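Have a look at the structure below before the remarks.
Convention: sequence-line order gives letters A, B, ...; per-chain numbering from 1. All values reported here derive from a predicted model rather than from experimental measurement.
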2 protein chains.
Amino acid sequence: MPLPASFPELASLDLFVSVVELGSVSRAAAAHGVSQPSASSRIKHLERQLGMRLLDRGPSGSLPTDAGVVVAGWAETILRAAHELEAGLSAFQAAQAGRLRIVASFTIAEYLLPQWLDRFSRDHPRDSIALEVANSTTVIDRLRHGAADLGFIETPSELDGLDEAIVGNDELVTVVATGHPWATPRTVPVEALAATPLVMREAGSGTRAALAAALRDLGLGEPSAVLELGSTSAVRAAVVHGNSPTVISRLAVAAEVAAGQLVEVDVPGLSVARQLRAVWPAGTALPSLARELLDDIR
Amino acid sequence: MPLPASFPELASLDLFVSVVELGSVSRAAAAHGVSQPSASSRIKHLERQLGMRLLDRGPSGSLPTDAGVVVAGWAETILRAAHELEAGLSAFQAAQAGRLRIVASFTIAEYLLPQWLDRFSRDHPRDSIALEVANSTTVIDRLRHGAADLGFIETPSELDGLDEAIVGNDELVTVVATGHPWATPRTVPVEALAATPLVMREAGSGTRAALAAALRDLGLGEPSAVLELGSTSAVRAAVVHGNSPTVISRLAVAAEVAAGQLVEVDVPGLSVARQLRAVWPAGTALPSLARELLDDIR
DNA sequence: ATCGCGCCATAGGATGCTTCTATGCCTCTC
DNA sequence: GAGAGGCATAGAAGCATCCTATGGCGCGAT
């Protein structure tokens with residue numbers, strides 16, 4: 001479901017929030033590095049777009065109207081998310097220049113790292129982090145070869161020569177759209193799950209392999225696919241708008257479940273859990289920046 | 001702290017996420033109501049802006065690269081927040097046309113309602129909600145006069161002729177920036193708080209009055225202001241970037257506390273709590289849409 | 001093997017928008 | 001009464017985006 005074409009620009013919301021925080025259009029304009037008339041015009045455009053007055057302009061600055069207070073509050077939520085994206089992007093782009101080199105698995109990089117990076121970049125504005133995203137094997141390899149300072153993985157494998165700390169946990173869960181028959185009892189026998197065609201990633205994906213292994217351990221057959229898609233996002237979208245269940249990392253659907261778009265279905269007997277860990281070379285002293293990052297995370 | 005000027009457009013991120021979910025640029029273009037070349041060009045622009053390839057184009061569609069998977073995941077967080085803002089805005093604009101008329105206090109409208117409205121608008125795409133924001137007295141007035149179907153308030157007062165349900169709770173808390181002396185012990189005696197100049201809203205604000213009353217009940221004097229600002233956002237920004245504490249609604253700083261920008265300080269003996277309630281005219285049947293909204297909230 | 005379809009990229013032109021500098025008016029303060 | 005800070009307007013320049021039309025490419029069906 002795309003955003004409407006008339007949705008306000010992120011830059012305009014950012015500017016408006018700055019006006020509210022700083023108390024004047026001029027100061028906000030300066031903070032954003034644009035001229036005062038440009039800022040004034042952007043705000044006016046925003047007001048026309050929303051069809052409401054947002055500011056009470058006065059000779060000593062501008063205060064938000066009642067509507068402005070509310071809209072500014074709403075806008076801040078978006079801006080917070082935008083700053084997390086920004087923190088993730090700069091780490092991702094700084095591939096080799098950063099002072100602290102992190103390698104993380106996809107799941108952790110997608111759903112947990114932005115908040116950590118955003119906080120860290122505020123506390124350490126002068127220290128850049130370089131982020132690489134890779135599978136667990138590569139993460140361990142990077143650490144062993146000194147190509148990274150700190151890694152994040154979600155496998156339970158043995159890690160000779162690496163120290164570790166648990167930073168969270170993940171689990172494969174069964175989810176359906178809100179209208180699905182399983183959504184009402186919120187539980188389904190594992191045999192029924194195994195017999196139902198699922199929306200899945202293509203063969204070869206780690207999630208799919210983990211599910212197949214768990215069903216095999218229970219003496220059940222290979223799960224069948226009603227639809228095979230190339231990315232987790234595509235799977236999620238297909239489940240939200242379709243009639244088939246999927247089995248997927250809880251972190252990947254936590255937001256949709258919280259928002260009521262998807263329903264998590266209990267499947268007694270089926271359990272595919274894994275801990276999320278930070279890992280680093282044993283023996284060597286953990287860089288102080290890495291230590292601080294880990295402290296922030298806990 | 002403004003977003004960098006090079007930050008990607010919300011519309012581009014939205015489009016890119018649609019490509020990942022739908023599996024092709026063409027389909028995403030159609031879903032967004034733009035031409036295929038336009039979409040193609042936007043994605044290319046986004047890739048140049050971020051300095052990374054996001055899509056693997058093939059003759060049967062496009063799949064995200066490793067980087068694309070991660071960026072799409074990050075972008076979805078922003079888009080979710082944007083949809084909540086959108087849901088709030090349409091309710092706010094629909095001032096009198098909606099089928100369900102809601103009146104809410106500022107705190108609830110700012111920090112809780114967008115999620116509820118977003119979920120509701122997905123479940124009931126044909127039913128519009130009209131939202132009015134007002135103080136508690138006005139909320140009650142609107143309900144008594146039949147000008148609204150459902151209200152949300154945060155006062156503990158008696159409500160003759162109205163039914164109610166508790167939907168959450170709020171509390172005034174003391175917060176400081178992370179570098180402040182109080183941040184380390186995370187606690188401070190109430191006498192010290194009363195003796196310290198605070199960042200505050202201007203005289204007349206409800207928050208300020210509640211704090212003054214609580215201190216008076218403890219036999220302490222009026223709190224003094226080191227800085228008086230006209231909006232909660234301005235107060236929050238001043239505390240984050242300054243050296244003075246403030247006393248403020250927990251909901252208003254929950255996100256900053258979670259992100260580590262502000263630290264909540266315990267003040268033994270000081271307690272200013274209030275329940276958040278939904279209220280509606282007693283006796284009359286609650287409209288079915290209102291009933292469903294309340295069920296969703298719980 | 002070939003035809004057809006779906007997908008993506010490029011080119012060219014028109015439209016629209018945002019930006020900037022310069023200026024004026026207003027109010028509060030000293 | 002003068003000065004400073006704040007916001008709005010005007011006009012022009014620059015930039016970006018959009019669209020239509022077209023071409024190339026690979027896959028699948030006949």
Worksheet item: Please walk me through it: do Thr246(B) and Thr174(B) pass side-chain contact (heavy atoms from CB on, under 4.5 Å)?
Response: CA-CA 6 Å; Thr246(B) 194; Thr174(B) 304; over 6 Å; no
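Closest to the side chain of Pro37(A), out of dC7(C), dA8(D), dT10(C), is dA8(D). Considering only the side chain of Pro59(B), dG26(D) comes nearest among dC19(D), dG26(D), dC7(D). Checked against dT10(C), dG6(D), dC20(C), the side chain of Ser24(A) finds its nearest nucleotide in dG6(D). The side chain of Ser26(B) lies closest to dC7(C), out of dC20(C), dC7(C), dC7(D).
Taking atom CG of Leu10(A) as the reference point, atom P of dT18(C) lies 15 Å away to the nearest angstrom. Separating the CD atom of Gln36(A) from the P atom of dT18(C) is a distance of 17 Å, rounded to the nearest angstrom. Distance Glu9(A) CD to dG16(C) C1': 13 Å, rounded to the nearest Å. Atom CG in Leu22(A) sits about 11 Å away from atom P in dC7(D), given to the nearest Å. Atom CD in Gln49(A) sits roughly 17 Å away from atom P in dG16(C) (whole-Å rounding). The separation between Asp56(B) atom CG and dC7(C) atom P is 17 Å, rounded to whole Å.
End-to-end axis angle of the helix from dA1(C)-dT30(D) to dC30(C)-dG1(D), from C1' rotation axes over five pairs per end: 30° (rounded to 10 degrees).
In terms of modelled atom types and a separation under 3.5 Å, the side chain of Glu47(A) and the main chain of Leu55(A) share a donor-acceptor contact.
Counting non-hydrogen atoms under 4.0 angstrom, Ser35(B) reaches a base of the nucleic acid.
Dashed line: the shortest gap from a side-chain N or O of Ser60(B) to OP1 or OP2 of dC7(C) is not under 4.0 Å. Contact between the side-chain N/O atoms of Arg57(A) and the OP1/OP2 oxygens of dC26(C) is not found at any separation under 4.0 Å. For the OP1/OP2 pair of dG6(D) and a distance below 4.0 Å, the side-chain nitrogens and oxygens of Arg27(A) include at least one atom meeting the criterion.
Heavy atoms of other residues, nucleotides or ligands lying less than 6.0 angstrom from CG of Asp127(B) number more than 12. Within a 6.0 Å radius of CG in Asn135(B), other residues, nucleotides and ligands contribute more than 12 heavy atoms.
Nearest heavy-atom pair, Ser231(B) versus Pro64(A), reported as atom, atom and distance to 0.1 Å: CB-CG, 3.9 Å. Between Pro2(A) and Ala31(B), the shortest heavy-atom distance links the atoms CG-O, 3.2 Å. In this structure, Ala67(B) and Arg53(B) approach most closely via the heavy-atom pair CB-O, 4.0 Å.
No salt bridge links Arg80(B) with Glu86(B); every basic N to acidic carboxylate O contact stays at or beyond 4.0 Å. Between Glu84(B) and Arg119(B), no side-chain nitrogen of the basic residue sits less than 4.0 Å from a carboxylate oxygen of the acidic one, so the salt-bridge criterion is not met.
Sorted by residue number, the members of residues 38-45 of chain A with any non-hydrogen atom under 4.0 Å from DNA chain C read Ser38(A), Arg42(A), His45(A).
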